Undergrad: 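Starting off with a structure, shown below.
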Protein chains: 2
Amino acid sequence: MAAAREVRPASPRRGVRHHPTLAGLAELPARDRAYQDLRYRILTGRLAPGTTLLETELAALLSLSRTPVREAAIRLAEEGLLEIRPRHGITVRSLSPGDVRDILDVFSALEIKAVELVARRGISAAEAARLDALLDRMERNTAAGDIARWSDLDDDFHSSLVALCNNPRLQRTLGEYWGQQYLARQMVVRLRPLPLQSDIEHREIMAAIKAGDPAAARAAHTRHRDRADHLQLSLLHAHLSGAQPGPAPIPRTPEQEESP
Amino acid sequence: MAAAREVRPASPRRGVRHHPTLAGLAELPARDRAYQDLRYRILTGRLAPGTTLLETELAALLSLSRTPVREAAIRLAEEGLLEIRPRHGITVRSLSPGDVRDILDVFSALEIKAVELVARRGISAAEAARLDALLDRMERNTAAGDIARWSDLDDDFHSSLVALCNNPRLQRTLGEYWGQQYLARQMVVRLRPLPLQSDIEHREIMAAIKAGDPAAARAAHTRHRDRADHLQLSLLHAHLSGAQPGPAPIPRTPEQEESP
DNA sequence: CAAGCCGCTAACGTATACATAAACGGTAAG
DNA sequence: CTTACCGTTTATGTATACGTTAGCGGCTTG
């Protein structure tokens, strides 16, 4: 199995913890430990798509009783990471290109709204500085050609933006989609060209936010997500060319990295 | 307790059942019965905002054991209808104006995306006819001044649109927000002016969809939701004038009700 | 040989038991 | 009179028990 390499946990940050990490699951309720543990295993590929386990087996795997494991599984099913088919087991979902499109459609719509709200609300100098610093680091990684690290920082940038939008429900729902979006992205990270255009667009988004211009921010982020989502889907389809549109395994080919 | 009058269940329809109804909870699993029963009681005001019950009390109320009731409560909490505070009970949430704004921001963003997707996908003549028929009925009710019935049809129209968008995740997430959006709307239905403008905008949306023009559909629906949401918030603030921005009880003024 | 019926197994849904730890009240000390 | 500590109560979180029913395979019959 390639991709056995651990997903590099992004540096700990304020704001919502999205990245797969097991840190600090110390004295949480068992249900939350089950949730985080399972989520971690799914997002890192330790639990491969298609894997099917019974409630009892999951409970044994996590050394817990069925009750908290069941609650965790229900939650992960609601997030689209598991599929529960009573009497047939609990299966790790695999994402077809259609699924990826659906996920990105929702995720982007929500994120665009979040950015608009951030611009409307306005951000402090400190917050702007933090985001700008992230963009600086991303551009350095682009220059260095380190797309994996850039990708982590990109996650950070987008999550940090969302964390400023001041709409808890929006944040929660985006969080629910985060795992799926992360998996979808992992399917193509290795195929991505150098994110020169993304770096430019990020600066435009930041400019609109700093200017307190919600319409401009919305427009800039819409352009960004439309282009990025389209690219992601193109890469996915290209990579899967020949494969049927059915459930696609997560591709793990180490390919080229190019510059536009 | 005013508003004791039952919420008029909209006519049964294909597509997602959103309206509060108890129909057909016959042989469902206990957890689903608990979910639907509780949701129904909340949306109809039988369980008033602020009501706090312990898991045991809820279980007794529904004549079930704690396990399925607990799972139902967790789900309703995720939907924002209940708040679970361990050792302090399970409380029916009340919506502050800020909550309503947050809810509408998310709900509208998602619905606009759904409409865009419907326009992109294109709709059949039969589907178009069904939607047009709904609009006809709405306009007749507008002419008759029956805002309550118009409101039910409006729910139907919006839900029917979403049902055509072909993105199950988007539909699911919209469904999760439906209850909150419904409650928010109920807070002001009685204060609404005649929806003349909405009727016009609905026709514009339909035209863009029939034309298969996603950008136009998005623009039309954005205008519609922006205006309608703004109106709703204005009505809410006006109605609550004097009240503090804290958790606001759902207004239950026994005002005029037009005859059906 | 195919197809349908029947009985068995066990996974799940639900109920219940149990342990823990948080809230509350009372008491005592400052 | 206020505050802090302690003991009791009990709601919750988790584990476990139990009944039901969905699958599944074998058997029988056409």
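As the structure is a computational prediction, the values presented were derived from the model and not from experiment. Just so we're on the same page: letters track the sequence lines, and every chain starts at 1.
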Undergrad: With side-chain contact (heavy atoms from CB on, under 4.5 Å) as the criterion, how do A/Arg93 and A/Leu81 come out once you've worked through the C-alpha distance, each side chain's angles and the decisive distance to 0.1 Å?
TA: CA-CA 6 Å; A/Arg93 290 194 60 171; A/Leu81 296 179; over 6 Å; no

Undergrad: How many Å lie between CG on B/Leu58 and P on D/dA11, as a whole number?
TA: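 Result: 13 Å.
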
Undergrad: Whole angstrom is fine here: how far is it from CD in A/Glu71 over to P in C/dC12?
TA: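 Between P of C/dC12 and CD of A/Glu71: 16 Å.
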
Undergrad: Would you say the side-chain atoms of A/Ser159 and A/Asp156 include a donor-acceptor pair closer than 3.5 Å?
TA: no

Undergrad: Can you tell me the distance, in whole Å, between the CG atom of A/Leu54 and the P atom of C/dA11?
TA: 5 Å

Undergrad: Between A/Glu79 and A/Tyr35, is there a side-chain donor-acceptor contact under 3.5 Å, judged purely by atom types and distance?
TA: yes

Undergrad: If the cut-off is 4.0 Å, is B/Thr67 near the phosphate of C/dT14, judged by side-chain N/O to OP1 or OP2?
TA: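 Checking C/dT14 against B/Thr67, no side-chain N or O comes under 4.0 Å of OP1 or OP2.
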
Undergrad: Rounded to whole angstroms, how far apart are CD1 on B/Ile90 and C1' on D/dG13?
TA: 13 Å

Undergrad: Is there a donor-acceptor contact under 3.5 Å linking the side chains of B/Ser96 and B/Asp99?
TA: yes

Undergrad: Is there a donor-acceptor contact under 3.5 Å linking the side chains of A/Arg85 and A/Thr91?
TA: no

Undergrad: Would you call A/Arg33 and A/Asp37 a salt bridge, using N to O less than 4.0 angstrom?
TA: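 So A/Arg33 does not pair with A/Asp37 through a salt bridge.
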
Undergrad: Mind checking the CZ-CZ spacing from A/Arg75 to A/Arg39? Nearest 0.5 Å is all I need.
TA: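 If we round to the nearest 0.5 Å, A/Arg75:CZ and A/Arg39:CZ are 8.5 Å apart.
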
Undergrad: Indicate whether the side chain of A/Thr56 and that of A/Arg66 have a donor and an acceptor atom separated by less than 3.5 Å.
TA: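 A/Arg66 and A/Thr56 do not have a side-chain donor-acceptor pair below 3.5 Å.
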
Undergrad: Expected output is a numbered-order residue list: members of residues 76-85 of chain A with a heavy atom under 4.0 Å from any atom of DNA chain D. What is it?
TA: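 Result for residues 76-85 of chain A: none.
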
Undergrad: Taking only the side-chain nitrogens and oxygens of A/Arg70, find out if one of them lies under 4.0 Å from OP1 or OP2 of C/dC12.
TA: no

Undergrad: Quick check for you: among D/dT14, C/dC12, D/dT12, whose closest atom lies nearest to any side-chain atom of B/Pro86?
TA: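 The closest nucleotide is D/dT12.
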
Undergrad: Distance from A/Leu76 atom CG to A/Arg41 atom CZ, nearest 0.5 Å?
TA: 12.5 Å

Undergrad: If we fit an axis to the first five pairs and another to the last five of the helix from C/dC1-D/dG30 to C/dG30-D/dC1, what angle do they make, to the nearest 10°?
TA: 10°

Undergrad: Any side-chain N or O of B/His88 below 4.0 angstrom from OP1/OP2 of C/dA23?
TA: yes

Undergrad: In whole Å, what is the span from the CD atom of A/Glu55 to the P atom of C/dA11?
TA: 11 Å

Undergrad: Of the candidate nucleotides D/dT12, D/dT14, C/dC12, which contains the atom at the shortest distance from the side chain of A/Pro68?
TA: D/dT14

Undergrad: In whole Å, what is the span from the CG atom of B/Leu64 to the C1' atom of C/dA15?
TA: 10 Å

Undergrad: So which one's nearest nucleotide on DNA chain D is more toward 5', A/Arg31 or A/Arg87?
TA: A/Arg31

Undergrad: Take the protein atom CZ of B/Arg66 and the nucleotide atom C1' of C/dA15, then report the distance between them rounded to whole Å.
TA: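 The distance from CZ of B/Arg66 to C1' of C/dA15 comes to 11 Å, rounded to the nearest Å.
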
